Chemist: 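Have a look at the structure that comes next, please.
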2 protein chains.
Amino acid sequence: MILVGIVEDDNQIRSLLQQYLDRQPGFSCTLVYNSVESFRKALTPETQPDVLLMDIGLPGMSGIDGMKLIKQDYPDTDIIMLTVYNDADKIFQSLCSGATGYLLKNTPLEEIKEGIELLTRGGSPMSPQIARKVIDFFSTEKKAVTSPLSEKEKEIVVGLVDGLSYKLIGDRMNISLETVRFHIKNIYRKLHVHSKAEVISKSLKGEI
Amino acid sequence: MILVGIVEDDNQIRSLLQQYLDRQPGFSCTLVYNSVESFRKALTPETQPDVLLMDIGLPGMSGIDGMKLIKQDYPDTDIIMLTVYNDADKIFQSLCSGATGYLLKNTPLEEIKEGIELLTRGGSPMSPQIARKVIDFFSTEKKAVTSPLSEKEKEIVVGLVDGLSYKLIGDRMNISLETVRFHIKNIYRKLHVHSKAEVISKSLKGEI
DNA sequence: GGTTCAACCCCATAAACAGGGGGGGTGTCA
DNA sequence: TGACACCCCCCCTGTTTATGGGGTTGAACC
């Protein structure tokens, strides 16, 4: 039996969802509230749901902030965001705060049910356009910047990022300390920076 | 009509897939090869498929390396990885290199077909366990690290990350150079590091 | 009232760094 | 052939850093 909770302020959507889900075999949907505050007040280790459908736009505390608190107290409850928001900001905030799924409100009831089942089987339900945004995050993350640095220079940058001293970089690459310095001078010139710190920063931000 | 290509070295899987997909209404599956090399040789702007199913473990060039090349020449072709590998490494390498979907080889033919359709509608097909791994990436990324640093110390870390010298950090925080050094000593001790570079690195990697 | 602790300051020294000179050598490309 | 880009090494300068020591204050805890 999958225990499902709902936090949703729209009365119509909320009762529709509850009635539908509670009728499904293997489902029980009774923890249904219209705000994070009231949900948390009612929550106990005994009533803790397996899956929680969470709206984002709520009166009082937002669903994202609410989720953080709920996850702290009940980390075993998996949370699916169920919202109209499809902007990258809301999506990534949710995922970084611990959401395990993200469905848009136009998702048919049946697919929501399937999403919940998918979740309990170790999957992560996402609306198609959400999935695409998540995937796109990776390919744009490491964009193929045409680095002006030569191979040796890039290797030295890696050493800097690893927190090595010039001497240790030289040892690692089997070149002399002086050569390391020579390369670093060139790196600074090419990147228009004047310190190790800036190089590390640029490198980790993917600007190299 | 969706033009589908396949790069897969297992003869049985390859012909099974081709026969199934080519029979589906709205699908055409003719560009079928057993290696990246032979696929790329045959590829022309005219024959360019809409969707490419790509194996990873291939004789010769790997599917991931192959994808990078294909994406360079034909960025409009969406690529779905179709593979047995479900380790985080392969998944993220693929996504970072431009894959738009990732299905495991145990996916039923029908779901592969649905995945291709989903892709053309702007979605991103992923096997459930892949989706979960991708989602988990975010929640573990910015894990709530209980930073051992005090507020002042964190502020100094910010200064270091910004590439400021001790002196400038002192100016910014209205404390003396000596106090900055005092704090930095403590930061190093707490983080078990011995240089600015390591602090910046840790900070930017979210380990503080 | 004593203890603890973070935050503030000072001193001293060795090492590392930033930036400026020099030398070499290889290769490519016009 | 000369102009470039890359790679390797050395010297010199002054500055910044890392790391050890020594303190005072004031709020907070028991």
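Note that the structure is a prediction, hence the values are computed from the model and not measured. Per chain, numbering begins at 1; letters A, B, ... match sequence-line order.
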Chemist: Do any side-chain nitrogens or oxygens of B:Tyr188 fall under 4.0 Å of OP1 or OP2 in D:dA18?
Modeler: yes

Chemist: Would you say the base of C:dC11 and the side-chain of B:Glu178 have a donor-acceptor pair closer than 3.5 Å?
Modeler: yes

Chemist: Whether the side chain of B:Lys202 engages the backbone of B:Ala197 through a donor-acceptor N/O pair (distance < 3.5 Å, no angle test) should be reported.
Modeler: no

Chemist: Checking all strands, does A:Lys196 fall into the base, sugar-phosphate, or nothing category for heavy-atom contacts under 4.0 angstrom?
Modeler: sugar-phosphate

Chemist: Mind calculating the distance between CZ (A:Arg189) and P (D:dC4) to the nearest angstrom?
Modeler: 13 Å

Chemist: Provide, to the nearest angstrom, the distance between the CD1 atom belonging to A:Ile169 and the P atom belonging to D:dC9.
Modeler: 14 Å

Chemist: Restricting to non-hydrogen atoms, name the atom on B:Ile169 and the atom on B:Leu164 that form the minimum distance, rounded to 0.1 Å.
Modeler: CG1-CB, 3.7 Å

Chemist: Verify whether one side chain among B:Thr47 and B:Thr44 offers a donor that lies under 3.5 Å from an acceptor in the other.
Modeler: yes

Chemist: Any carboxylate oxygen within less than 4.0 angstrom of a Lys/Arg side-chain nitrogen, looking at B:Lys167 and B:Asp171?
Modeler: yes

Chemist: Nearest whole Å is fine: how far is D:dG20 P from B:Asn186 CG?
Modeler: 11 Å

Chemist: Closer than 4.0 angstrom, basic N to acidic O: yes or no for B:Asp10 and B:Lys105?
Modeler: no

Chemist: Starting at atom CG of B:Leu160, determine the distance to atom P of C:dC17, rounded to an integer number of angstrom.
Modeler: 15 Å

Chemist: Let me spell it out: for each of A:Phe182 and B:His194, pick the nucleotide of DNA chain D with the closest heavy atom. Which residue's pick is nearer the 5' end?
Modeler: A:Phe182

Chemist: Identify which nucleotide among D:dT17, C:dC8, D:dC9 has an atom closest to any side-chain atom of A:Ile175, counting heavy atoms from C-beta outward.
Modeler: D:dC9

Chemist: Considering just the side-chain nitrogens and oxygens of A:Thr179, establish if one lies under 4.0 Å of OP1 or OP2 belonging to D:dC9.
Modeler: yes

Chemist: Take atom CD of B:Glu151 and atom C1' of C:dA7, then tell me their distance rounded to the nearest Å.
Modeler: 13 Å

Chemist: What's A:Ser176 touching, base or sugar-phosphate or nothing? Going by heavy atoms closer than 4.0 Å.
Modeler: sugar-phosphate

Chemist: Should A:Lys152 be listed as having a side-chain N or O under 4.0 Å from OP1 or OP2 of D:dC8?
Modeler: yes

Chemist: From the options D:dA18, C:dG19, C:dC9, select the nucleotide whose nearest atom is closest to the side chain of A:Arg181.
Modeler: C:dG19

Chemist: Would you kindly give the CG-to-P distance between B:Asn174 and C:dC8, to the nearest whole Å?
Modeler: 10 Å

Chemist: Report the distance from atom NE2 of A:His183 to atom P of D:dA5, rounded to the nearest whole Å.
Modeler: 16 Å

Chemist: Starting at NZ of B:Lys167 and ending at P of D:dT17, how long is that distance when rounded to a whole Å?
Modeler: 11 Å

Chemist: Using a 4.0 Å heavy-atom cut-off across all strands, classify A:Ser165 as base, sugar-phosphate, or nothing.
Modeler: sugar-phosphate

Chemist: Of the listed nucleotides (D:dG21, C:dG19, C:dC9), which one gets closest to any side-chain atom of A:Lys185?
Modeler: C:dG19

